[in-house]
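Remember, it's a predicted structure, so these values are computed and weren't measured experimentally. Chain letters run A, B, ... following the sequence lines, proteins first and then strands; every chain starts at 1.
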Amino acid sequence: MPKAYDPAAIEERWAQYWVSERLFEVRTPAPGTSHPRAFTILLPPPNVTGNLHMGHMFEHTETDILVRWHRMLGETALWLPGTDHAGIATQMLVERQLTTEGTTRQALGREAFVERVWQWRRHYGGAILSSMKRIGDTVDWSREYFTMDERLSVAVREAFVRLYEDGLIYRGAYIVNWCPRCQTAISDLEVAHEEQQGNLWEIRYPVVASPGEFLTVATTRPETMLGDVAVAVNPLDERYTHLHGKTLRLPLTNREIPVITDDWVKSDFGTGAVKVTPAHDPNDFAIAQRHNLPSISVMDETAHMSAEAGPAYAGLDRYDARKKVLEDLEAQGLLGAVRDHVNAIGKCARCQTIVEPRLSTQWFVAVNKTPNKGGDSMAEMARKVVCEAKPGDPASKPLRFTPENYEKIYLEWMNNIYDWCISRQLWWGHRIPAWHCAACKKITVARRDPTHCAHCGSRQITQETDVLDTWFSSGLLPVTVFGWPPPQGQSTPDLDAFYPTSLLVTGFDILFFWVARMIMLGCYFSKDVPMPDGSKRALKDSVPFREVYIHSLVRDADRQKMSKTKGNVVDPVEIVERYGTDAVRFTLASMSSPGTDIAFSEARTEGYRAFANKIWNAARFIFMNVERARETGIEIDHTVRGHVPKADETDPIETRWIVARLSSVAAQVGIDLSEYRFDLAASEIYQFFWGDFCDWYLEIVKLRLDFADSARKAATKSALTILLQTFESALRLLSPIMPFLTEELWHALYDDETPARSIALTRYPQGAAHSDDVLEIHFHLLQQLIVSVRALRKDLGVEEKASVPVRIRSAHDGWVFEENFDVIQRLARVSSVELVSSIPEGATIRSTPQFDVQVVYEKTIDVLAERERLTKELAKLEKNLASAERQLSNPAFLEKAPPHVVEGLGKIAADTRLLMEKTRKALKDLA
RNA sequence: GGGCGGUUAGCUCAGCUGGUCAGAGCGCCUGCCUUACAAGCAGGAGGUCGCAGGUUCGAGCCCUGCACUGCCCA
């Protein structure tokens, strides 16, 4: 075994082993058979175009820890992977490729283009999946899906048709966010808002009936005035009362438009008069609807002015048009004041192009509408799942969020939700299964491609060219991956076994995009699927997942959001190659405290690589001793290794102590993981492995491993047995966080005759808190003594290698020191221990409330340094005592504080007083 | 404009429903290559818990205001 741990030497091998041995595949249980409780997690499917970034690695680390933990608890743990076809992202990528080849998708034509995307996917689509294998994700690869798979496409189509039949999908002309570069509608969520310094222009609109009079409007977008259909003022605004119902002449055009009143208009904004341009502003669109006004589109899909804008402007880019409109208004003397104004602009989340509100015909899901067949709207169901609970038992909610505050954020959004625009003007995606009839203009929506119009029978039908929003198909995943739709009135074996899934681990950035949609669609479509026993599915079993754990965001070391444009993306694979996957996983786990973002720190990763190395070397030490044992004829029974060690009264103190510690750590880690406190679990294990197991237990156990003295053979064998058991258990405890290292050492521990094919398939150590309090007190006393002696040695300048005698004056429990003389001797380099009733005057000592200890050594102490130390300590003790006494002398405190607090503080005060006395004496003796 | 977080050691962060915590790792100082580990061992130094009030017998912890900072939504 090499002296230093080299992750590169082992990780690749295990990563391949886990996949090729198909260790984490979960078979569908045969119908009607009983099976262990299922723990099911759906992997948020990464974009097929994606590469693994630190955010993924973080999410996967947390998820994998949970999945491995649940698997080791004996549950059927299914983590289901797949990739998302990612409509816009993928199409853009392939289009860019075409550009470099000097061609375009339009030149290729739709069919050839789509085929081209498939080709791309076959060649490059698996990058992120390979990375997942490399970092040890224990997903079930046999169930891997792609959102455009035939099976899923059929399901997506079925879902669309059902929603259409239920009256929840409609087509209509609405203002949508339009990306002029992608040339498609995008959803509200795909728009990133930004503040930008702009202007607010005042424009004078002549009043038709009153020459020389103007109504001045204020606008941030003068170029859209060409599409104005009215000017609106607040009905209560007295400045404009006389103009109500009057007509204005729209400058630069010959159109006449009315002055209307609407409550929406804020009198204190601008001039209190706003132009109404329904085709280019969502608010204006709403006003136009209320007032039955027409819409005039003056821009085309590339954000150039259309013919409707008039011959002077048609063909101009929107910003060139703005310039010209302003110039023309200026020339006509109709331009008023120009003010600075900060306005919020929307940018396409994909390509950063400024989004144009555009009137267009799109497909929508009516999320607030009651279905034709009755029942709750989707949004209503989605609200109920987090609200409905048995009285006084919030844990009985069908769906819970961790951290809890996300429930509020989710509900807030769900309460204000608008209809969901699901059509995209792309070629890559699930094409909407609707056909337009050229004869009767009606629409036929069908499960199978129709040959004629369902309304008039005409054969002149053409399929809708739009595809579905990517989130429509990914929103269906919790049901579709398990075989939905089942035959009428039935279920599928996978839905029976795995739906609802147990947990969703994801980031809040896709809470609305994806989580909320899964909840709506999952509830809607699963509620008609009967339960395994044939009964009707209740709301609590319709949810796509019973819990949602929202993790934090990973940022770079300077707290900046990692993004490609900033160039501060930390490549996890590169870090993994330098430090090992385990160290990176441990870093991410230990930094994952809830609520705060993570600033990824390489320094910490370095620290955890050292931790891995520490364990590696502890293993080397153990193997060395196993080897020695074998050479001296001590055989360790292999079968004892898989058990959590048990100690009895006759075992040495360190044995009983480490066994108790292991037990309480195992118990605590179980609690931590159940609360998603990966950070606490990690630090608990770290502290145990390094602080307890290596620093104390291993050092002491060296005393027991005596291969020379045949009389001590039994004791040696017993010590080695417990050592092996403890180490083996600790490896299992650590394995969900550090799967590679623990797998390697675990196999080595068994000489490759392992009881299972992987440590991941063994059982997780269970424990109990505080299994032996008295013992812990005694062991702690021993530790304190050893630490005191070491400190004294340092103060006295005793050479590192020299052994010295010590005198101990102990209040009680002195036998602990006597009985464990050998431990003290080895760990503190002591030649003899003498228990005395008093320590000679003037000796340099260390004190605790329980004991005083003197190191007998001729070299004198650095008096000045010692005085400084003692003075400082005395001051601190005085401060503590004063604070304790202040409270203890307060009648209100004695009366109101709980007894155990009063008692505890009393003991602290007594101990402090004792220590102060000792410290004062030591100071005096120094002089 | 609305909402949600954060502010604790030089750095990165823990600190549970107020009492027994002022903590960890890294960094720093000192001494050690003690045959598992120098990616190590041992011993240290270092904080008025953002500021100001309040509640309480008692406040990093609860309340109010302020400052700085990050994010989400409009």
Could you work out the separation of [N] and [M] based on their [atom1] atoms and round it to a whole Å?
N	M	atom1	answer
B/rU55	B/rG18	C1'	11 Å
B/rC16	B/rC57	P	23 Å
B/rA24	B/rG46	C1'	14 Å
B/rU17	B/rU12	C1'	28 Å
B/rC32	B/rU8	P	37 Å
B/rA74	B/rC61	C1'	34 Å
B/rC11	B/rC73	P	32 Å
B/rA59	B/rC51	C1'	16 Å

Just confirming the chi classification of B/rG40, syn or anti, using 90° around 0 as the syn window.
anti

Using the glycosidic torsion, which applies to B/rC32: syn (within 90° of 0) or anti (everything else)?
anti

Want to settle it: does A/A892 or A/M624 sit nearer the 5' end of RNA chain B, counting the closest nucleotide to each?
A/M624

First encountered from the 5' end of RNA chain B, between A/F508 and A/L894
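Its nucleotide being nearer the 5' end, the pick is A/L894.
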
Answer yes or no: does a side-chain N or O of A/R677 lie under 4.0 Å from OP1 or OP2 of B/rG15?
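The answer is yes; a side-chain N or O of A/R677 sits under 4.0 Å from OP1 or OP2.
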
For B/rG31, does OP1 or OP2 lie under 4.0 Å from any side-chain N or O of A/K801?
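The answer is no; no side-chain N or O of A/K801 sits under 4.0 Å from OP1 or OP2.
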
Could you check whether [X] gets within reach of a base, just the sugar-phosphate, or nothing at all, counting any heavy atom under 4.0 Å?
X	value
A/P898	base
A/K3	sugar-phosphate
A/E699	base
A/R793	nothing
A/L698	base

Which nucleotide, B/rA14, B/rC57, B/rG25, lies nearest any side-chain atom of A/L680?
B/rA14

Side chain of A/F621, heavy atoms from C-beta onward: which of B/rA36, B/rU20, B/rC57 has the nearest atom to it?
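Shortest atom-to-atom distance from the side chain points to B/rA36.
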
So [X] and [Y], would you call those rings parallel, tilted or perpendicular, with 30° and 60° as cut-offs?
X	Y	value
A/Y549	A/Y676	parallel
A/W471	A/F513	parallel
A/W690	A/F611	parallel
A/W413	A/F512	parallel

Option among A/T726, A/L723, A/N617, A/D692 that satisfies the side chain to side chain contact (heavy atoms under 4.5 Å, CB included) test with A/L698
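Only match with A/L698 under side chain to side chain contact (heavy atoms under 4.5 Å, CB included): A/L723.
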
Mind running salt bridge (Lys or Arg N to Asp or Glu O under 4.0 Å) on A/D795 and A/R846 for me, showing each step along the way?
CA-CA 10 Å; A/D795 287 349; A/R846 283 278 167 136; 2.5 Å; yes

Using atom [atom1] of [X] as one end and atom [atom2] of [N] as the other, report the distance to the nearest whole Å.
X	N	atom1	atom2	answer
A/M591	B/rG25	CE	C1'	10 Å
A/F401	B/rC4	CZ	C1'	15 Å
A/N177	B/rC73	CG	P	13 Å
A/F512	B/rA74	CZ	P	9 Å
A/I622	B/rC37	CD1	P	14 Å
A/Y608	B/rC13	OH	P	12 Å
A/E903	B/rC57	CD	P	22 Å
A/E684	B/rG23	CD	P	17 Å

Could you encode protein contacts along nucleotides 39-47 of chain B as a string, one character per nucleotide from 5' to 3', using B for base contact, S for sugar-phosphate-only contact and - for no contact, with a heavy-atom cut-off of under 4.0 Å?
BSSBSSSS-

Pairing stems for RNA chain B [at least three consecutive pairs; Watson-Crick or G-U; under 3.5 angstrom]:
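Stem list for RNA chain B: B:1-7 with B:67-73, B:10-13 with B:23-26, B:28-32 with B:40-44, B:50-54 with B:62-66.
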
Assess whether atom CD of A/E903 is packed by more than 12 heavy atoms of other residues, nucleotides or ligands within 6.0 Å.
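Open: at most 12 neighbouring heavy atoms sit under 6.0 Å from CD of A/E903.
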
Show the numbers, then the answer: is there a salt bridge (Lys or Arg N to Asp or Glu O under 4.0 Å) between A/E866 and A/R869?
CA-CA 5 Å; A/E866 182 66 0; A/R869 187 183 71 80; 2.9 Å; yes

Can you list the steps and then say if A/R826 with A/D822 is a salt bridge (Lys or Arg N to Asp or Glu O under 4.0 Å)?
CA-CA 6 Å; A/R826 182 179 174 97; A/D822 51 353; over 6 Å; no

Is A/K702 close enough and on-axis enough to A/F621, meaning under 6.0 Å and within 45°, for cation-pi?
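Geometry flag: set, cation within 6.0 Å and 45°.
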
Would you say the ring centroid of A/Y608 lies under 6.0 angstrom from that of A/Y579?
no

Who passes side chain to side chain contact (heavy atoms under 4.5 Å, CB included) against A/A909, sequence neighbours left out?
A/L881, A/A884, A/L888, A/R913

